[in-house]
**Student:** 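First, the structure itself, so that you have it in front of you.
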Amino acid sequence: MMKVLILGMPRTGTQSLADALERLGIAPVYHMREVGKNHHQTLWIEALDAKFEGRGEPFNREKFDQILGSYEAVADYPAAIFPAELIAAYPEASVILSVRHSEEEWLASMESTLWHAHTHQPSPNPSPMAPLSNKYHKYCWGDDLPKNGRAVYRAHNELVRSLAKTSGRKFLEYKPGDGWGPLCEFLGVEGDKVPQELLPRSDDWAEYKRAVELEREREREKGKGE
């Protein structure tokens with residue numbers, strides 16, 4: 001049974017939250033890393049085409065269950081592209097909106113990871129994830145994150161807040177650094193079941209982001225010397 005929908009956009013701590021839920025016994029959690037592992041790219045592309053181009057039937061619970069039926073929670077893209085559809089499909093699930101402390105912080109993180117990878121990919125890109133990622137870059141911010149990203153991020157967060165409110169859903173807005181307290185209170189985890197260790201800090205993009213930042217620093221230093 002689906003228990004929690006984490007509907008924040010990428011680079012808002014979704015992976016850490018997914019790992020935290022699993023630590024609290026809500027598992028398994030469907031995160032972006034599950035897509036390739038389970039060869040779900042084609043199903044998500046089908047869902048995107050139905051939503052944005054009207055091709056095929058929109059995804060409902062029956063269709064989402066083809067992907068998510070064995071999971072107790074979901075986080076990150078591509079699932080978070082479908083907040084209205086998922087909230088309607090899983091009325092039993094609570095909603096968490098993960099956000100960054102500012103739009104600029106979110107955009108900077110995106111530009112150093114997903115957007116950088118997208119704009120520096122080989123052509124043709126042999127990755128089995130490329131068709132899916134190319135689709136969501138096109139549909140979500142018109143293939144121009146620097147120009148449209150802030151507005152998309154703001155609109156997405158407002159939509160999730162509004163959907164949670166109008167559906168009467170149990171709702172938590174969560175920022176990186178909030179720790180176990182708000183999460184455990186939201187989920188009803190009490191006493192000795194509250195973890196004593198720090199909340200997981202998981203980021204599959206960490207090494208990539210460091211490499212991009214080093215590259216940019218070298219470019220800045222080179223520019224100063226010219």
Side-chain angles (χ1 to χ4, degrees), residues 1-15 17-19 21-22 26-91 93 95-98 106 110 113-119 121-145 148-149 152-153 155-157 159-160 163 202-205 208:
M1 182 181 76
M2 187 65 70
K3 295 179 179 178
V4 180
L5 304 171
I6 301 173
L7 297 178
M9 295 188 74
R11 309 307 303 163
T12 60
T14 58
Q15 189 175 336
L17 267 175
D19 290 347
L21 289 188
E22 294 197 335
I26 297 174
V29 180
Y30 192 98
H31 191 269
M32 171 64 90
R33 53 193 165 189
E34 297 293 312
V35 177
K37 187 189 304 182
N38 293 286
H39 308 291
H40 285 161
Q41 296 94 318
T42 300
L43 285 169
W44 284 114
I45 288 172
E46 181 185 337
L48 287 167
D49 286 344
K51 179 181 177 75
F52 291 99
E53 295 190 4
R55 296 211 303 264
E57 292 295 318
F59 268 44
N60 54 18
R61 183 170 190 142
E62 182 181 358
K63 285 179 170 287
F64 278 124
D65 273 349
Q66 296 177 56
I67 305 171
L68 305 173
S70 63
Y71 292 84
E72 292 193 344
V74 65
D76 199 26
Y77 271 17
I81 300 171
F82 302 88
E85 294 87 345
L86 287 171
I87 286 174
Y90 299 105
V95 174
I96 297 176
L97 174 63
S98 52
W106 173 79
M110 285 287 290
T113 52
L114 280 79
W115 181 247
H116 186 277
H118 176 62
T119 55
Q121 65 179 313
S123 181
N125 189 341
S127 168
M129 292 294 291
L132 174 60
S133 63
N134 289 339
K135 284 273 186 181
Y136 70 66
H137 281 287
K138 172 187 173 183
Y139 289 142
C140 293
W141 34 79
D143 235 347
D144 194 341
L145 179 78
N148 301 319
V152 171
Y153 175 78
H156 175 90
N157 292 342
L159 174 62
V160 174
L163 289 168
S202 313
D203 186 0
D204 286 342
W205 285 93
Y208 185 96

**Student:** Is there side-chain contact between Met32 and Ser133, with at least one heavy-atom pair below 4.5 Å?
**Tutor:**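 Counting from C-beta outward, Met32 and Ser133 never come under 4.5 Å.
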**Student:** If you round to the nearest 0.5 Å, how far is SG of Cys140 from CG of Asn148?
**Tutor:** 11.5 Å
**Student:** Does the Thr119 side chain pair with the main chain of Trp115, one donor and one acceptor, at a distance under 3.5 Å?
**Tutor:** yes
**Student:** Grab the two heavy atoms, one from Pro10 and one from Leu114, that are nearest each other, plus how far apart they are.
**Tutor:** CB-CD2, 4.2 Å
**Student:** Whether Glu57 and Lys63 form a salt bridge (side-chain N of Lys/Arg under 4.0 Å from carboxylate O of Asp/Glu) is what I want to check.
**Tutor:** no
**Student:** Which heavy-atom pair separates Gly8 from Ala80 by the least distance, and what is that distance?
**Tutor:** O-CB, 3.5 Å
**Student:** Roughly how far, to the nearest 0.5 Å, is the CE atom of Met1 from the OG atom of Ser70?
**Tutor:**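 If I round to the nearest 0.5 Å, the distance is 14.5 Å.
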**Student:** Does the side chain of Asp143 pick up a donor-acceptor pair with the side chain of His118 at under 3.5 Å?
**Tutor:** yes
**Student:** Once the angle between the rings of Tyr139 and Phe52 is folded into 0 to 90°, is it parallel (under 30°), tilted (30 to 60°) or perpendicular (over 60°)?
**Tutor:**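 Parallel.
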**Student:** Under 4.5 Å between any side-chain heavy atoms of Val29 and Val4, yes or no?
**Tutor:**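 Not in contact.
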**Student:** What's the separation between atom CZ in Arg61 and atom CG in Leu86, rounded to the nearest 0.5 Å?
**Tutor:** 11.0 Å
**Student:** Mind checking whether Tyr153 and Met110 have side chains closer than 4.5 Å, heavy atoms only?
**Tutor:**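 No; the side chains remain at least 4.5 Å from each other.
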**Student:** Can you confirm whether more than 12 heavy atoms, excluding those of Glu53, are under 6.0 Å from its CD atom?
**Tutor:**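 Result for CD/Glu53: enclosed.
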**Student:** Using 30° and 60° as the class limits, which term best fits the ring planes of Trp106 and Trp141: parallel, tilted or perpendicular?
**Tutor:** perpendicular
**Student:** On a heavy-atom basis, which atom in Ile67 and which in His40 lie closest, and how many Å separate them?
**Tutor:**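 Nearest heavy atoms, Ile67 then His40: CG2-ND1, 3.4 Å.
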**Student:** Just how far is it from atom CE of Met9 to atom CD1 of Ile81, taken to the nearest 0.5 Å?
**Tutor:** 8.0 Å
**Student:** Measure the NZ-CH2 distance between Lys51 and Trp44 for me, rounded to the nearest 0.5 Å.
**Tutor:** 11.0 Å
**Student:** So which atom in Gln41 and which in Val35 form the shortest heavy-atom distance, rounded to 0.1 Å?
**Tutor:** OE1-O, 3.8 Å
**Student:** Keeping His156 on the side-chain end and Leu7 on the backbone end, is there a donor-acceptor pair under 3.5 Å?
**Tutor:**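 Looks like yes, one N/O pair under 3.5 Å.
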**Student:** Leu159: what forms a side chain to side chain contact (heavy atoms under 4.5 Å, CB included) with it, not counting sequence neighbours?
**Tutor:** Pro83, Leu163
**Student:** Could you give all pairs that pass the salt bridge (Lys or Arg N to Asp or Glu O under 4.0 Å) test and reach residues 66-77, with sequence neighbours left out?
**Tutor:** Lys3-Glu72
**Student:** Is a side-chain donor or acceptor of Asn125 paired with a backbone partner of Ser127 at a separation under 3.5 angstrom?
**Tutor:** yes
**Student:** Once you round to the nearest 0.5 Å, how far does CG of Asn134 lie from CD1 of Ile45?
**Tutor:**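 Reported value, rounded in 0.5 Å steps: 9.0 Å.
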**Student:** Could you tell me whether a side-chain N or O of Glu85 sits under 3.5 Å from a main-chain N or O of Pro58, the two making a donor and an acceptor?
**Tutor:** no
**Student:** Decide yes or no on ring pair (Phe, Tyr, Trp, His ring centres under 6.0 Å) for Tyr136 and Tyr77, but give the supporting numbers first.
**Tutor:** CA-CA 9 Å; Tyr136 70 66; Tyr77 271 17; 5.3 Å; yes
**Student:** Please report the C-alpha distance between Gln15 and His31 in whole Å, then the side-chain angles of each, then the deciding distance to 0.1 Å, and finally whether the side chain to side chain contact (heavy atoms under 4.5 Å, CB included) criterion is met.
**Tutor:** CA-CA 7 Å; Gln15 189 175 336; His31 191 269; 3.5 Å; yes
**Student:** Please give me the minimum heavy-atom distance between Ser98 and Ile6, naming the atom from each residue.
**Tutor:** OG-CG2, 4.0 Å
**Student:** Would you call the rings of Tyr90 and Phe64 parallel, tilted or perpendicular, where under 30° means parallel and over 60° means perpendicular?
**Tutor:**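 Ring orientation of Tyr90 relative to Phe64: tilted.
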